[in-house]
Amino acid sequence: MNKKIIATTSLAGCFGCHMSFLDIDERIFDLIELVEFNKSPIDDIKKFTKQVDIGIIEGGCCNSENIEILKAFRENCNILVSLGECAIMGGLPALRNGISIEECLEEAYIGGPTVQENTNKILPNDDELPMLLDKVYPCHEIVKIDYFLPGCAPRADLIWDALIALVTGNEMELPYEVVKFD
Amino acid sequence: MKNEIITITSKYQDDRHRLMDILIDIHDLYGYVSEADIELLSERLGMSEVEINETITFYHFFSRTPRGQFNIFLNNSITACMRGHDLVKKALEEACGTTFGSVSQDGMFGLYSTSCIGMNDQGPSAIINDKVFTNLTTYRVMKLVADLKSGKSPDEAIYESTGDGNNSDPYVRAMVFNNIRKRMVILDKDHIKFEVVRSLLKGHSPEEIIDIVENSNLRGRGGAGFPTGLKWHFGRRVESEHRVIICNADEGEPGTFKDRVLLTEFPDLVFEGMVIAAYATGADIGLVYLRYEYRYLYKFLNHILDKMRKEGLLGKNIAGIKEFNFDIRIQLGAGAYVCGEESALIESLEGKRGEPRDKPPFPVEKGYLNYPTIVNNVETLATTVRIVKNGADWFKGFGTKDSLGTKLLSVSGDCKFPGIYEVEWGTSIREVIEMSGADDVQAVQVGGPSGVMISVKDIDDLGTTELMKWYKPSGMMVAQKTFDRKLSYSDLPTGGSIMIFNNKRDLLKEVVMNFMDFFIEESCGSCSTCRNLPFIMKQKLQKILDGHGVRKDIDDLLSWGKIIKISRCGLGQTSANPIVSSILNFRYLYEQHVKAMADFDNVFDLEKSVEAANSFVGRKANFHHA
Ligand SMILES: Cc1cc2nc3c(=O)[nH]c(=O)nc-3n(C[C@H](O)[C@H](O)[C@H](O)COP(=O)(O)O)c2cc1C
Ligand code: SF4
């Protein structure tokens, strides 16, 4: 059997989903028998080098770079999975969605209680920096997402089961506790 | 100010359960409730300020900030929109010098939008300082506002005649019309008032009365269709010091106004029904929950209650029956559709936010102040009088095998004769269309926004099909629940609202969007499904209407419509019905808008979405286009 190729990324996330992924522990040896990693922080490949079977996205989109990467994932992956609360709903970063972007920047860089040394009141505006979006978007509002794996972070077993299902083409078992509403 | 508040709370014995009345009295005096009032109320009533704020903020007609000298609540239901609501709204803004949702600078006018006020057959209409103004046009608005500016009171500003029947009664004096178009047994003009209580009750034991009602198979007319006799039976069975009969006159489902007409023309019948229910169930406390929008009937109804007391039809040993003690109090609501749901209604009666309770226990076990409580619709109560008078068999002579008797329909929308039609169960939609003089009909909405929408094609198929089949909204709670199961039919309101739409109407853009706004506005917010999904579904529909829809969007809407069914009360459970039922019956309207070939379309515009941040930090957009 040809090994399936996997890519992963963390957009506006905290890498918690990736850590949870690593919680599959020694099963990673089994996994590596089944799959090959392409662009991913796990093997530190920065650019897609070939067409990928499964792309796993952690985090939603809060800036222009997130959008670019997500679009690249859509282009280069046959299947995209939104992993975790932030990718699916925006998560904690999306708490800023009810507040204007001006107010957020003001609080973070000028007036907030933890701002101590910005005497010149500089707002980050270097051309090299990604540009902030007006709000934080869940991934499926930017590109088509094929599967959603909820949780904050999703348990390692759930990630494992989902990956195995996608790689082997078998249906995944989804007991009530996994999909219940709240 | 302090003394006045104390006078008010003392009038209600500082009873926290009378918070609604207390707040209404305060509004009558000052137009709003101030911080200082809330502090004082908290002290007097032994409630926290938060609890008081919870109640105030729940209701449309309460406010914590000053409102105008004249507060104009313009109804925005779909039929009003079809008859020039937007023009009237604009005219009001111009004439009053302020925009909706705010008060004019001179403090004279406050403008507000409000959901259906029970005047669908004579919209657009508005409530101004508790008076109803119907059939508004741009011209009439100018005239009205000029009158108010010149110092006339809203009462004097009714420059035309008052309406028909009791609408012209000195206690009512409203510009409202009954528009009764078809009378059968309930709307019978020749009935003898209080005949049953005066002479028939004595000869029957309470159990016998329940038997008659049970044998008639009467089902509740408030929407859920629960067997009335059974409900009474349950209420009687529970041991308690007090028992309560509540008449549900909240009538909030957009498109219904038949309870308003019953209360105007047949209040005696409704109250007599309450007395009969009290006798049958052993209740001693009677409450009418009257929606605030019908406040113009308050004095009139109280006047009739007074007369009844004088005639020994309320109070002690009613109609000479030993130890039959019962009295009725009218409680005003304050503008919240969900308060029509019986447990929310009871919460509201106890002075709280109108949030539906978890069930069980059901109201017949633990209702108002935890006493067994029977909640019945206005029309249900009126009907029981006829049944007890004429017998169950007589009643069974009307209607069809499984739906007996007659039903009051509130017909509005695109037809020549909007108004009230009393018809037998079994009447087809086609007959209703013919009766009301509607032509070029595209769709008929049965049962209000929470009901189903049916198309002309369905109507043709209907032929002899019974109305009842359509009357049951598709979203009627969980389908497996049947009438035979006990106390499990807490449900949605479909009080016979019939709205007709002709072929000129854009069903999705005008009608469905309006209904979704209604649910979004009226959700009490307890359940995350009902709080969020209608909003998200409306956005999705907007996306489709904007030409960004794909087929998957239609499927998403249908599947979300299922999730919403887990909401606690009928409001949430039916809030997806406008979309779901229009997809099921008018799918082509959706298909027209969606892109057939694409399987994904986002509406996201990267350049636009970075504009705000870029301009704030002072940089130009720079897209790398990797
Ligand atoms: C959101 C909601 C609103 C309701 N509004 C009304 C109403 O305005 N009038 C009414 O009689 N019943 C209304 N009902 C139904 C009541 O809960 C209750 O079933 C009814 O008053 C019982 O009376 P009946 O058995 O005589 O119909 C509503 C239900 C829900 C879920
Ligand atoms: S369904 Fe909606 S209105 Fe009913 S209790 Fe839940 S949130 Fe409130």
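Within every chain, numbering begins at 1; the chains are lettered A, B, ... in the order of the sequence lines, protein sequences first and strands thereafter.
Using a 4.5 Å cut-off between heavy atoms, A:E102 touches chain B through backbone and side chain atoms alike. No part of A:Y109 comes within reach of chain B, as not one of its non-hydrogen atoms sits under 4.5 angstrom from that chain. Looking at A:D126, the atoms closer than 4.5 Å to chain B (heavy atoms on both sides) all sit in the backbone: N, CA, C or O. Residue contact with chain A, scored on non-hydrogen atoms closer than 4.5 Å, involves the backbone and the side chain of B:D599 alike. Residue B:K608 does not touch chain A at all, counting heavy-atom pairs closer than 4.5 Å. A:I67 touches chain B through its side chain: at least one heavy atom from C-beta onward sits under 4.5 Å away, while N, CA, C and O do not.
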>> With side chain to side chain contact (heavy atoms under 4.5 Å, CB included) as the criterion, how do B:F604 and A:L133 come out once you've worked through the C-alpha distance, each side chain's angles and the decisive distance to 0.1 Å?
In response: CA-CA 11 Å; B:F604 179 72; A:L133 308 182; 4.2 Å; yes

> Would B:K552 and A:K144 satisfy side chain to side chain contact (heavy atoms under 4.5 Å, CB included), going step by step from the backbone distance to the final call?
Replying inline: CA-CA 11 Å; B:K552 172 92 174 22; A:K144 179 166 185 274; over 6 Å; no

>> Walk me through whether A:Y137 and B:S609 qualify under side chain to side chain contact (heavy atoms under 4.5 Å, CB included).
In response: CA-CA 11 Å; A:Y137 292 81; B:S609 91; 3.9 Å; yes

>> Checking A:D134 against B:V610 for the side chain to side chain contact (heavy atoms under 4.5 Å, CB included) test, could you report, in this order, the C-alpha distance in whole Å, the side-chain angles of both residues, the deciding distance, and whether it holds?
In response: CA-CA 6 Å; A:D134 55 347; B:V610 296; over 6 Å; no

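The environment of CZ in A:F37 is crowded: more than 12 heavy-atom neighbours from other residues, nucleotides or ligands sit within 6.0 Å. Atom CE of A:M172 has more than 12 neighbouring heavy atoms from other residues, nucleotides or ligands inside a 6.0 Å radius.
Note that CE of A:M131 is 11.0 Å distant from CD of B:E611, once rounded to the nearest 0.5 Å. The CG atom of B:N602 lies 12.0 Å from the SG atom of A:C139; values are rounded to the nearest 0.5 Å. Atoms NE2 and CG, from A:H140 and B:D556 in turn, are 8.5 Å apart once rounded to the nearest 0.5 Å.
Minimum heavy-atom separation, A:L105 to B:F616: CD1-CD2, 3.7 Å. Between A:I101 and B:A613, the shortest heavy-atom distance links the atoms CG1-CB, 3.8 Å.
Results of the side-chain contact (heavy atoms from CB on, under 4.5 Å) test with B:V617 over A:L132, A:N125, A:L129 single out A:N125 as the only residue that passes.
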